[in-house]
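Letters A, B, ... are given to chains in the order of the sequence lines, protein chains preceding strands, and every chain is numbered from 1.
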Amino acid sequence: MHKIIFFGTSNFAVPSLQSLASDERFEIAGIVTQPDRPVGRHAVLTPPAVKIAAPKGTLVFQPEKLKDESFKAWVTEFGPTCDAFVIVSYGKILPQWLLDLPKKGIVNVHGSLLPRWRGASPIQAAIAAGDTATGVTVMLIDAEMDHGPILAQAEEPIMSDDTGGELHDRLAKLGGELLPGVLADYLDGRIEPKEQKHEDATYCKILTRDDGKLDPNDTAENLEQLVFAYDPWPGTWIEKNGKRLKILEAMEGDPDKTRNPGDFFVRNGLPCLACAAGTVLVIKRLQPEGKKPMSGQEYLRGKNSWI
RNA sequence: CGCGGGAUAGAGCAGUUGGCAGCUCGCCAGGCCCAUAACCUGGAGGUCGCCGGUUCGAGUCCGGCUCCCGCAA
C-alpha cells in the first residue's frame, strides 16, 4: 500500500481524489486544500470542492500559507513517510522544501498534453486556439511551472461546440481514470519518467474577467472560439453604452465588407457585431447587466437602440 | 448591513406634471397566396412582485418586505 498526501482544491481535482480514495493500493494520509472562501453576492463562506468531496475520516488541512506552523509541523513529520504527494489543481505553488519531502516526488495531473499549454488555463487555451484535441498529463513536478518529466498522457478530442466547462469535466474525469494506474506503476518502478520536449512548450496565463472582453479588432472566428472557451469561466462580454453585455452564445456569420470593426447592426433579427476584416459575429444569446440571460431576438424586441 | 440594476400579458420592454394599461414578438381564429419565419383582419391573455400610507383618484408619490440579476471579493 502506497501512502500519499493529496493537494487539491477545485472541481477538476475531485475525480482524481475519488479514484485514489476508493483504490486499495493507496492510503491517503491527509488532504490539503485551500481555506474556505467568501463566494457570491453576499460573500457566503464556502468550502472548496475537494473539501466537500473528502472521504469521511480523512485529515483535511486548509492552511492559509504553506508555512503556517501547525501544517508545516505535520507535513514535515509525515511527509517523509509518504511515497509521493499528489497535486491536482491546488492553486498554490509548492515551495522547494515541500517538494523534497516525499520519497518519490510529487505527481501532478495537468489538463493538457504537455509541453503544450503550460500554465493555469490550459483547457480554455486549447479551445481558444482552435486545437482539435487536447488531453491530460500525469507528470512529476519540478521547480518550474508544468516543466517536470511525464509519466503518462491520455488524449481527448475537442468537439467544435465544446465549451470550456464541458471539456473541463471530461478532462477531470479522464484524469481520474488515468491517475491511479499510472501512480501505482510509477511507485512500483514500472514507469520511467520522460523529459518534456521543452522547445515545443507553449504557455497560458491565469484568466480574469477582464480577459473575457471581446475585441472587435480580432476576427469573428477567433471571438467565436473565445466565447466557447471562456464559458462558463471567465465569461465573455462587450461594452455598449457604458454597460457590460455578457455574450453567452455567438457564432461567425457571413462577412460584410461594408462594416467597420466595432459596428453594431441587425441581420435576420439577430444582433451582430462587425469584426476585423469584414467578419461578422452573430450574437445568439446574451445577458445585460441586471437582467436575466436572453436570446438575441428577445433582447432586440424591447430595445430598438441596438445600432 | 460591500457597490449597483431590476420585478407591468407567455417572452422582451415603454409608461410624461398622479387621470380609461401600451409597444414589439408569440399564441388563437379567419383572410390572401403556387408558397413562406412574409402580408391583412379580428381575438384571447394583467391582482402593474407583496404589505401598508398619502390622495377624489397610485403602475406612477412615501415607508416596509420578498425575490431576481450585474460588479466586486
- Could you state the CD-P distance from A/Gln287 to B/C68, rounded to the nearest angstrom? 14 Å

- Message: Say we look at B/A9 and B/G22: how far apart would their C1' atoms be, to the nearest angstrom?
- Response: 11 Å

- Item | B/G22: pairing nucleotide in any strand, Watson-Crick or G-U under 3.5 angstrom | B/C13

- Message: Do the side chains of A/Glu64 and A/Arg37 get close enough for a salt bridge, i.e. N-O under 4.0 angstrom?
- Response: yes

- Message: Can you measure A/Arg301 atom CZ to B/G12 atom P for me and round it to whole angstrom units?
- Response: 10 Å

- Please give, in whole Å, the distance from B/A11 C1' to A/Glu298 CD? 5 Å

- Message: Among B/G70, B/C71, B/G12, which nucleotide has an atom closest to any side-chain atom of A/Arg209?
- Response: B/C71

- Rounded C1' spacing from B/A37 to B/C27 in Å: 15 Å

- Task: In whole angstrom, give the distance that lies between atom CG of A/Leu270 and atom P of B/G12.
- Result: 17 Å

- Query: Atom CD of A/Glu239 to atom P of B/C71: distance rounded to whole Å?
  - Reply: 13 Å

- How far, in whole Å, is B/C61 from B/U17 if one measures between their C1' atoms? 12 Å

- From the options A/Asn108, A/Leu99, A/Ile5, select the one residue that forms a side chain to side chain contact (heavy atoms under 4.5 Å, CB included) with A/Ile87. A/Asn108

- Message: I'd like the P distance from B/G59 over to B/C69, given in whole Å.
- Response: 28 Å

- Item | G-U wobble or Watson-Crick pairing nucleotide for B/G70 (cut-off 3.5 Å, both distances) | B/C3

- Query: What integer number of Å spans the P atoms of B/G10 and B/G19?
  - Reply: 24 Å

- Message: If you apply the rule side-chain contact (heavy atoms from CB on, under 4.5 Å), what do you find for A/Asp215 with A/Asn217, and how did you get there?
- Response: CA-CA 5 Å; A/Asp215 179 2; A/Asn217 294 311; 3.3 Å; yes

- Atom CG of A/Leu286 and atom P of B/A11: how far apart are they, to the nearest Å? 18 Å

- For A/Lys173, enumerate each residue passing the salt bridge (charged side-chain N to carboxylate O under 4.0 Å, His left out) test, keeping only those at least two apart in sequence or located in another chain. A/Glu177

- Could you tell me whether A/Lys243 contacts a base, only the sugar-phosphate backbone, or nothing, with contacts defined as non-hydrogen atoms closer than 4.0 Å? nothing

- Task: Taking only Lys NZ, Arg NE, NH1 and NH2, and the carboxylate oxygens of Asp or Glu, determine whether A/Lys213 and A/Asp218 approach each other closer than 4.0 Å.
- Result: no

- Query: Looking across every strand, which nucleic acid part, if any, lies under 4.0 Å from A/Gln297 by heavy atom: base, sugar-phosphate, or nothing?
  - Reply: nothing

- Query: How close or far is atom P of B/A7 from atom CE of A/Met294, stated in whole angstroms?
  - Reply: 12 Å

- Task: Using Watson-Crick or G-U wobble geometry with both distances below 3.5 Å, tell me the partner of B/A44, or none.
- Result: none

- Query: Looking at A/Lys291, does any N or O in its side chain come under 4.0 Å of the phosphate oxygens OP1/OP2 on B/C13?
  - Reply: yes

- Task: Could you check which nucleotide pairs with B/C50 in any of the strands shown, counting Watson-Crick or G-U wobble with both distances under 3.5 Å?
- Result: B/G64

- Message: With rounding to the closest Å, how many angstrom separate the P atoms on B/C39 and B/A44?
- Response: 22 Å

- Spacing of the P atoms in B/C25 and B/G42 (rounded, Å): 15 Å

- Phosphate OP1/OP2 of B/G70 contacted by A/Arg41 side-chain N/O (<4.0 Å): yes

- Query: Using atom P of each nucleotide, how far apart are B/A58 and B/C48 to the nearest Å?
  - Reply: 12 Å

- Which part of the nucleic acid, if any, lies within contact of A/Arg37, taking any heavy atom under 4.0 Å across all strands shown: a base, the sugar-phosphate backbone alone, or nothing? nothing

- Presence of salt bridge, A/Asp211 and A/Lys205, under 4.0 angstrom: yes

- Task: Please state how far atom CG in A/Leu45 lies from atom C1' in B/A73, giving the value in whole angstrom units.
- Result: 12 Å

